[in-house]
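Counting from 1, the numbers follow the sequence of the chain as shown.
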Amino acid sequence: MAQEDRAADPLRSGGAADPQRRLLARPGVSERGPRKPVGPGRDSPWAGRPRRVAQEGAPETPPARGQAAEQRLYGLNAVLAMFRHRPQALRKLYLLESRMPELKPLLAWCVQHRLGYRVVESGDLDRLAGSQHHEGVVADVLKLEPMRLSDWLHALPSAAPALAIWLDGVGNPHNFGAILRSAAHFGVAGLLLPRDAALALSGAAARVAEGGAEQVPLVRLGQTDNALAQLRGAGFRLAATVVRDGEDLFAAELPHRLVYVMGAEGEGMDAALAAHCEQRLSIPGSGAVESLNVAAATAVLLAEWKRRQP
């Protein structure tokens with residue numbers, strides 16, 4: 001973990017408002033550029049810490065009791081979207097010098113609110129993100145907790161068309177991120193997560209979502225029978241998406257309030273849940289491959305529902 005740098009001196013000095021100039025006034029950063037890494041010695045932000053690299057998409061470390069949960073985001077669009085939608089969630093920022101012009105508003109926010117930020121090398125970001133796909137920026141932010149189903153339903157415009165996705169067993173963070181990106185593109189009202197599902201937004205999923213994670217609400221369901229009753233009470237119908245023996249998506253009637261139920265990669269969805277859905281839908285294809293993966297199938301399903309809306 002990198003040590004936290006504070007903007008105390010620039011704030012007290014009353015100097016120029018340009019965050020880049022304030023950053024250059026920080027220890028370890030000069031106008032010739034940030035100090036080169038020197039390995040795990042005392043000048044490294046990882047001094048004295050093991051250089052273990054986390055697996056991309058690994059679950060976040062649980063917070064201590066009484067502390068707000070934080071998570072680590074990376075990827076330019078993911079971090080910029082977080083800042084547009086909830087800047088108060090930002091806690092620390094790490095970036096390459098080359099990203100400073102694009103992230104100037106975030107640096108100004110850090111100075112104004114006395115939040116730590118640091119210009120580092122690409123290898124440092126690799127270790128912070130547990131991935132080389134950080135795109136030059138890593139941010140520690142407050143975790144966005146899923147909504148309750150009742151609160152989500154209450155916030156929806158009454159009787160207006162709405163589309164949601166119920167993820168039954170989807171676990172791959174890259175598929176989850178791709179689904180979030182498609183959901184944001186097609187205006188999905190929410191992603192419904194089963195009560196006991198381990199699926200949660202990770203840094204890897206947020207990066208793949210390219211900002212979509214900040215746009216589409218995550219909704220944590222309660223007991224399945226209660227969730228089904230609540231959704232039907234709000235005018236939703238459920239459609240199980242199946243590889244074969246379902247109604248042709250492009251010929252089927254799609255209601256104006258619809259929940260697509262997407263099954264797990266490989267295993268498919270729970271048979272009991274599929275039996276409780278009003279429809280079973282399949283995407284017709286050439287037969288050259290068995291099926292689309294869950295992220296690609298979701299994009300097709302969303303596009304077809306969206307195409308039919310006035």
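- A donor-acceptor contact shorter than 3.5 Å is absent between the side chain of R148 and the backbone of L221.
- At least one side-chain heavy atom of H174 sits under 4.5 Å from a side-chain heavy atom of R207.
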Begin from the C-alpha positions of V259 and L163 and carry the test side-chain contact (heavy atoms from CB on, under 4.5 Å) through to its verdict.
CA-CA 6 Å; V259 178; L163 181 62; over 6 Å; no
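- Here the closest heavy-atom approach between residue A274 and residue M269 is recorded as CB-SD, 3.6 Å.
- Rounding to the nearest 0.5 Å gives a distance of 13.0 Å between CE of M147 and CG of L191.
- Put simply, the side chain of S282 never gets that close to the backbone of P284: no donor and acceptor are under 3.5 Å apart.
- The heavy-atom pair separating A129 from V138 by the smallest distance is CB-CG2, 4.1 Å.
- Considering only heavy atoms from C-beta on, F250 comes within 4.5 Å of V300 through its side chain.
- Looking only at side-chain heavy atoms (C-beta outward), L107 and L95 come within less than 4.5 Å of each other.
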Before you tell me yes or no, could you show the steps for I165 and V261 under side-chain contact (heavy atoms from CB on, under 4.5 Å), namely the whole-Å CA-CA distance, both residues' side-chain angles and the distance that decides it to 0.1 Å?
CA-CA 6 Å; I165 306 169; V261 183; over 6 Å; no
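- Atom CG of L301 sits about 15.5 Å away from atom NZ of K306, to the nearest 0.5 Å.
- Side-chain contact between V219 and L193 is absent, with no heavy-atom pair separated by less than 4.5 Å.
- Within the 3.5 Å criterion, the main-chain N or O of W305 finds a donor-acceptor partner in the side chain of Q309.
- Going from atom CZ of R99 over to atom CG of L106 covers 12.5 Å, rounded to the nearest 0.5 Å.
- The ring pair (Phe, Tyr, Trp, His ring centres under 6.0 Å) search around W109 returns F83, H113, not counting sequence neighbours.
- In the hydrophobic cluster analysis, where Ile, Leu, Val, Met, Phe, Trp and Tyr join through side-chain heavy atoms closer than 4.5 angstrom, L142 is grouped apart from Y74.
- Using a 4.5 Å heavy-atom cutoff, the side chains of R257 and R237 are not in contact.
- Taken to the nearest 0.5 Å, the CG atom of D140 stands 8.5 Å off from the CG atom of L73.
- L115 is connected to M100 through a chain of hydrophobic side-chain contacts under 4.5 Å among Ile, Leu, Val, Met, Phe, Trp and Tyr, so both are in one cluster.
- The two residues A206 and A78 make their nearest non-hydrogen contact at O-CB, 3.5 Å.
- Side chain of S291 to main chain of V243: no donor-acceptor pair is present (N/O by atom type, distance under 3.5 Å, no hydrogens or angles).
- Going from atom OH of Y260 over to atom CD of E304 covers 7.0 Å, rounded to the nearest 0.5 Å.
- In terms of modelled atom types and a separation under 3.5 Å, the side chain of E278 and the main chain of L238 share a donor-acceptor contact.
- The structure places CD of E253 at 10.5 Å from CG of L258, a figure rounded to the nearest 0.5 Å.
- In terms of heavy atoms, Q215 sits closest to A184 at CB-CB, 4.0 Å.
- In terms of hydrophobic clustering, with Ile, Leu, Val, Met, Phe, Trp and Tyr side chains grouped at heavy-atom distances under 4.5 Å, V208 and L144 are assigned to different clusters.
- Across E97 and V119, no two heavy atoms sit closer than the pair N-CG1, 3.8 Å.
- S131 is listed as a side-chain neighbour of H133, based on a closest heavy-atom distance under 4.5 Å.
- Here the shortest heavy-atom pairing between A272 and H276 reads O-ND1, 2.8 Å.
- In this structure, the side chain of E214 does not engage the main chain of H85 through any donor-acceptor pair within 3.5 Å.
- Between the R72 side chain and the G203 main chain, no donor and acceptor come within less than 3.5 Å of each other.
- Linking ILVMFWY residues whenever their side-chain heavy atoms come closer than 4.5 Å, directly or via other members, places V141 and L76 in the same cluster.
- One N or O on the side chain of D168 and one on the backbone of D270 form a donor-acceptor pair closer than 3.5 Å.
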Evaluate side-chain contact (heavy atoms from CB on, under 4.5 Å) for L149 paired with L231, printing each intermediate quantity in order.
CA-CA 9 Å; L149 179 60; L231 288 165; 4.1 Å; yes
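- L228 places a side-chain heavy atom less than 4.5 Å from the side chain of W166.
- When side chains are defined from C-beta on, L153 counts as touching F236, because their heavy atoms get closer than 4.5 Å.
- Within a 6.0 Å radius of NE2 in H256, other residues, nucleotides and ligands contribute more than 12 heavy atoms.
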Applying salt bridge (Lys or Arg N to Asp or Glu O under 4.0 Å), run through R220 and E145 and close with a yes or a no.
CA-CA 9 Å; R220 182 66 69 183; E145 297 296 339; over 6 Å; no
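- Judged by distance alone, the side chain of D124 and the main-chain N or O of E121 form a donor-acceptor pair under 3.5 Å.
- Within a 6.0 Å radius of CG in D225, more than 12 heavy atoms belonging to other residues, nucleotides or ligands are found.
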Candidate pair L167 and I179, rule side-chain contact (heavy atoms from CB on, under 4.5 Å), full reasoning:
CA-CA 10 Å; L167 297 179; I179 290 170; 4.0 Å; yes
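- No side-chain donor-acceptor contact under 3.5 Å links W152 to the backbone of L218.
- In the hydrophobic clustering of ILVMFWY residues, with side-chain heavy atoms under 4.5 Å counting as a link, L192 and L156 come out together.
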